[in-house]
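I have placed the structure first, in the form of structure tokens, so that the comments after it can refer back to it.
Every heavy atom of this structure was used, including side-chain atoms; hydrogens, water molecules and symmetry mates were not. Not measured: the values here are computed from a predicted model. Sequence lines set the chain letters: A, B, ... in the order given, protein chains first and strands last, and positions in each chain run from 1.
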2 protein chains.
Amino acid sequence: MKKQERQRYIRELLKANNIDKQEDFVILLKKEGITVTQATISRDIKEMQLIKVPATDGTYSYNLPVQKQLNTEKKLTKTLKDAFISTDVQNEMCLIKVTPGSGPAIVSLIEQMNYSFVFGTLGGDGSALIICHSNKDALKLSRIINEIVIE
Amino acid sequence: MKKQERQRYIRELLKANNIDKQEDFVILLKKEGITVTQATISRDIKEMQLIKVPATDGTYSYNLPVQKQLNTEKKLTKTLKDAFISTDVQNEMCLIKVTPGSGPAIVSLIEQMNYSFVFGTLGGDGSALIICHSNKDALKLSRIINEIVIE
DNA sequence: TTTGAATAATAATTCAAA
DNA sequence: TTTGAATTATTATTCAAA
């Protein structure tokens, strides 16, 4: 089926890019060899319940559905409470140490959280390395993680 | 200040109505005696980081930002766990007693929670007076607060 | 700084077609 | 059912003004 595959691409594109208008999806999909019009994207967005979020920096960006975000945060909280050991920050990187085996899960959840300040991730067995845009961002992430664990 | 008051109304309207376009805000605000144009609403929405969510029933509706809601609830939980003493309900009012100095913080957080059943708030030093729409609502709030503390 | 009027830009839908 | 082209509707911004 064509539509589902396209919507999968859309989900991927969301994570990798900062998309602030539907035309961007059209352009990015074209690069993947998928040609559609804005009308179709509008329908996909409605169907996938994507939301356009005004960011703090004055731009807009399409994001994953609210419900999904909530679920992701819940899972992240649960996983962290079970597996968290410590965080360390160095430059723009935040290293999250967790119990052996939990690294990949944490990485995956943090990716799904779609934090705008996260640049990239790397999952080890007992650790998750989160590369942010700046040192400030890394500290922010560290703070968020620790707050989740404490709560 | 005019803008802040308007944005408070917007937050209220959000809860009470299903708003699917900015013009609706213009119309609803007019009924409250506040006359603004769509342009201003657009700016408010950006500033308040409201999102337009595609609902499952095929409609759209403006909502509060998820992230913000989550954060507020977390802060409220944390603050209550630290400072909570007791609640008392009388008529449509719920009085939350807290350790000295924490009253204003609690009030602010409860405001941010945007409970639809809250009519107004008043912050003392060691207490927060929350005025609800009805006695039932006040009891409900009291229950919510106590559950948060216990959890 | 904040705003409205006008406008530009973006998004949603209609309607025909496959 | 799903889609594109065209269109309409909605939203964001520009620009002047207070």
Side-chain angles (χ1 to χ4, degrees), chain A residues 1-69 114 116, chain B residues 1-68 111:
Chain A
M1 184 172 292
K2 200 86 192 283
K3 192 169 87 170
Q4 290 205 341
E5 197 198 340
R6 183 183 62 241
Q7 294 195 351
R8 268 219 309 277
Y9 268 99
I10 289 176
R11 243 185 297 273
E12 288 308 310
L13 289 172
L14 263 191
K15 298 191 186 182
N17 306 273
N18 227 51
I19 296 176
D20 75 329
K21 54 174 180 288
Q22 301 183 354
E23 270 302 326
D24 291 346
F25 280 115
V26 175
I27 293 163
L28 290 167
L29 284 171
K30 188 147 220 168
K31 286 185 187 164
E32 307 282 348
I34 301 173
T35 305
V36 280
T37 60
Q38 174 266 324
T40 298
I41 299 295
S42 173
R43 293 184 193 107
D44 283 339
I45 283 172
K46 186 171 188 173
E47 197 171 322
M48 300 169 73
Q49 294 183 263
L50 302 183
I51 52 182
K52 191 180 176 185
V53 183
T56 34
D57 65 357
T59 64
Y60 295 85
S61 78
Y62 276 100
N63 272 69
L64 289 170
V66 181
Q67 202 47 53
K68 220 163 213 174
Q69 277 180 194
N114 248 66
S116 61
Chain B
M1 188 174 290
K2 199 87 192 285
K3 191 169 85 170
Q4 290 204 339
E5 196 198 340
R6 182 182 62 240
Q7 295 195 349
R8 269 180 38 148
Y9 268 98
I10 289 176
R11 247 186 293 273
E12 289 305 313
L13 290 172
L14 263 189
K15 283 273 167 172
N17 307 273
N18 225 51
I19 296 176
D20 75 327
K21 53 174 180 289
Q22 300 183 355
E23 270 302 327
D24 291 346
F25 281 114
V26 175
I27 293 162
L28 289 167
L29 283 171
K30 190 148 219 166
K31 287 184 188 165
E32 308 281 347
I34 302 173
T35 305
V36 280
T37 60
Q38 174 269 324
T40 298
I41 299 295
S42 173
R43 293 185 193 107
D44 284 338
I45 283 172
K46 184 171 187 172
E47 197 173 322
M48 299 167 74
Q49 295 182 265
L50 302 183
I51 52 181
K52 191 181 176 181
V53 183
T56 35
D57 66 355
T59 63
Y60 296 85
S61 77
Y62 276 100
N63 276 87
L64 290 171
V66 184
Q67 204 51 51
K68 229 166 209 171
E111 289 252 350

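Within the 4.0 Å cut-off from OP1 or OP2 of C/dA11, at least one side-chain nitrogen or oxygen of A/Y62 is found. For A/T40, a side-chain nitrogen or oxygen approaches OP1 or OP2 of D/dG4 to under 4.0 Å. Note on A/Q38: every side-chain N or O is 4.0 Å or more away from OP1 and OP2 of D/dA6. Residue A/Y60 places no side-chain N or O under 4.0 Å from the OP1 or OP2 atom of C/dA11. When the side-chain nitrogen and oxygen atoms of B/Q22 are compared with OP1 and OP2 of D/dA12, one or more of them lie within a distance under 4.0 Å. Applying the 4.0 Å criterion to OP1 and OP2 of C/dT3, one finds that B/R6 has a side-chain N or O inside that range. Regarding contacts with the backbone of D/dA12, a side-chain N or O of B/S42 is found under 4.0 angstrom from either OP1 or OP2.
Looking at heavy-atom distances under 4.0 Å, A/D44 makes no contact with the nucleic acid at all.
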Check step by step if side chain to side chain contact (heavy atoms under 4.5 Å, CB included) holds for A/L64 and A/R11. CA-CA 8 Å; A/L64 289 170; A/R11 243 185 297 273; 4.0 Å; yes

B/T59 and B/D20: side chain to side chain contact (heavy atoms under 4.5 Å, CB included), yes or no, with the steps? CA-CA 7 Å; B/T59 63; B/D20 75 327; 5.7 Å; no

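Contact of A/E23 with C/dA11 (side chain to base): no donor-acceptor pair of N or O atoms is detected under 3.5 Å.
Nucleotide D/dA18: paired with C/dT1 (Watson-Crick or G-U wobble, both distances less than 3.5 Å).
Of the residues near DNA chain C, B/T35 and A/I45, the one whose nearest nucleotide (by heavy atom distance) lies more toward the 5' end is B/T35. Heavy-atom distances to DNA chain D give each of B/R43 and B/K52 a nearest nucleotide, and the one nearer the 5′ end belongs to B/K52.
B/I41 has its CD1 atom 13 Å from the P atom of C/dA5, to the nearest Å.
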